[in-house]
Asks: 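Take a look at this one; I'll ask things after.
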Protein chains: 2
Amino acid sequence: MVTNNLNVTNGRTAMSTQKIYAPPPGTNWSVLSSTCPSRTSLARIANKWTAMVITVLEDGPLRFGDLRTALEGISGKVLTDTLRDLERDGMITRQSYAEIPPRVEYELTPLGRTLHGPLSVLCRWAEEHIPEVLAARDAYDER
Amino acid sequence: MVTNNLNVTNGRTAMSTQKIYAPPPGTNWSVLSSTCPSRTSLARIANKWTAMVITVLEDGPLRFGDLRTALEGISGKVLTDTLRDLERDGMITRQSYAEIPPRVEYELTPLGRTLHGPLSVLCRWAEEHIPEVLAARDAYDER
DNA sequence: CTGAATCCCATATGATACTG
DNA sequence: CAGTATCATATGGGATTCAG
């Protein structure tokens, strides 16, 4: 199941969006506030699989199996859950074709595309700084 | 306990770092590869609490209690675990003062500081796009 | 055969009580 | 104050089974 692990009362319609999410007077209304809905959003995007999915989808739509191959090692369930969460949050679209064998394609939405830059930066950071991180781990564990 | 949830054989010393993490010939050696150590790194940084901790620490060292206050809603245990993981990976330093009452300060390392930009971008993205995300959720759930 | 739901376990996270 | 210990629960994730 796709659960919403967040301690926030959902807003209602898209129309009233701006009003609902305005900070109460005198409140620091940021991702740091436990009552701010943006935390739900941060939890979704600051996530290992999300980062990889968005990064991989940049080059165009991919079907389920291709994503699974690209994201070496992800299980079917986790990929399904991740994709559904991303679809729900408006980051990707899901296009199912009535064919045999079945074909389902996932594609970045404009919103999702705005996330690609930031997330790919993160992926690159991870790749570029492994040596330093692993060295730090070695040093730390040696004590 | 602080666990390492990763499927990677640790490298050995900092000296041999460059050799060990060179990709086997013909391999796409990226964060997408399940055998690439950078995944361990990505898992740590692409994380809700990590993003918030690094973001908050940018303005200078903070002590445990201040961090806990700033990161509204985090439990002591989780904050401890998160900080220890970040320290192990060389992102922050921990300075303990022999005073009563005790004082412990956490500070970004140069390595950690290189992460601040990318992660704060993510936090800001979350803050700026909540309306769109919540609207998308509304639309999705309405079906 | 592809995509995804189900079952089940490991881990992550959180609340609470306790200590130097 | 800054943790640790313990316990309870939520979530992540893999193996398997199911559906079209």
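Chain A is the first sequence line, chain B the second, and so forth, proteins listed ahead of strands; every chain is numbered from 1.
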Asks: Assess whether a salt bridge exists between Arg103(A) and Glu99(A), defined as any Lys/Arg side-chain N lying under 4.0 Å from an Asp/Glu carboxylate O.
Replies: yes

Asks: Taking only side-chain N and O atoms of Arg94(B), does any of them lie within less than 4.0 angstrom of OP1 or OP2 on dA2(D)?
Replies: no

Asks: Need to verify one output field. Residue with the more 5' nearest nucleotide on DNA chain C, Pro102(B) or Pro101(A)?
Replies: Pro101(A)

Asks: Looking for any heavy atom pair under 4.0 Å, which part of the strands does Val104(A) touch: base, sugar-phosphate only, or nothing?
Replies: sugar-phosphate

Asks: Quick one: Leu83(A) CG to dT2(C) C1', roughly how many Å, whole number?
Replies: 14 Å

Asks: Measure from CG on Leu62(A) to P on dG3(C) and round the result to the nearest Å.
Replies: 11 Å

Asks: Does OP1 or OP2 of dG13(D) have a side-chain N or O of Ser75(A) closer than 4.0 Å?
Replies: no

Asks: Is any side-chain nitrogen or oxygen of Trp49(A) closer than 4.0 Å to OP1 or OP2 of dT11(D)?
Replies: no

Asks: Could you check if a side-chain atom of Ile92(A) sits within less than 4.5 angstrom of a side-chain atom of Glu107(A), using non-hydrogen atoms only?
Replies: no

Asks: Starting from the 5' end of DNA chain D, give me the residue, Ile74(A) or Ile100(A), whose nearest nucleotide shows up first.
Replies: Ile74(A)

Asks: Hydrophobic cluster membership, with links at side-chain heavy-atom distances under 4.5 Å among I/L/V/M/F/W/Y: are Val121(B) and Leu119(B) in one?
Replies: no

Asks: Across the strands shown, which category fits Gly73(A) at heavy-atom distances under 4.0 angstrom: base, sugar-phosphate, nothing?
Replies: sugar-phosphate

Asks: Write down the distance between OH (Tyr106(B)) and P (dC1(D)), rounded to a whole number of angstrom.
Replies: 15 Å

Asks: Between Asn47(A) and Gly76(A), who's closer to the 5' end of DNA chain D by nearest nucleotide?
Replies: Asn47(A)

Asks: Check the distance between dT11(D)'s P and Asp85(A)'s CG and give it to me in whole angstrom.
Replies: 11 Å

Asks: Test of understanding: with side chain to side chain donor-acceptor pair (under 3.5 Å), list the residues that count as partners of Thr114(A), not counting sequence neighbours.
Replies: Trp125(B)

Asks: So, the side chain of Asp89(B) versus the backbone of Met91(B): is there a donor-acceptor pair under 3.5 Å, distance only?
Replies: no

Asks: Between Ser75(A) and Arg68(A), is there a side-chain donor-acceptor contact under 3.5 Å, judged purely by atom types and distance?
Replies: no

Asks: Rounding to an integer number of Å, can you tell me how far Asp81(A) CG sits from dG13(D) P?
Replies: 10 Å

Asks: To the nearest Å, give me how far apart NZ (Lys48(B)) and C1' (dG14(C)) are.
Replies: 11 Å

Asks: Heavy atoms, side chains only, cut-off 4.5 Å: are Arg88(A) and Asp141(B) in contact?
Replies: yes

Asks: Rounded to whole Å, how long is the line connecting atom CZ of Arg39(B) with atom P of dG13(D)?
Replies: 11 Å

Asks: From CG of Leu79(B) over to C1' of dA15(C), roughly how many Å is that when rounded to an integer?
Replies: 15 Å

Asks: Please pick, from dG3(D), dA5(C), dG14(D), the nucleotide with the shortest atom-to-atom distance to any side-chain atom of Arg84(A).
Replies: dA5(C)

Asks: Looking at DNA chain C, which of residues 63-71 of chain A put a heavy atom within less than 4.0 Å of it?
Replies: Arg63(A), Phe64(A), Gly65(A)

Asks: When we call it a touch if two heavy atoms are under 4.0 Å apart, what does Tyr97(A) touch: a base, just sugar-phosphate, or nothing?
Replies: nothing

Asks: Mind checking whether Asp85(A) and Arg44(A) have side chains closer than 4.5 Å, heavy atoms only?
Replies: yes

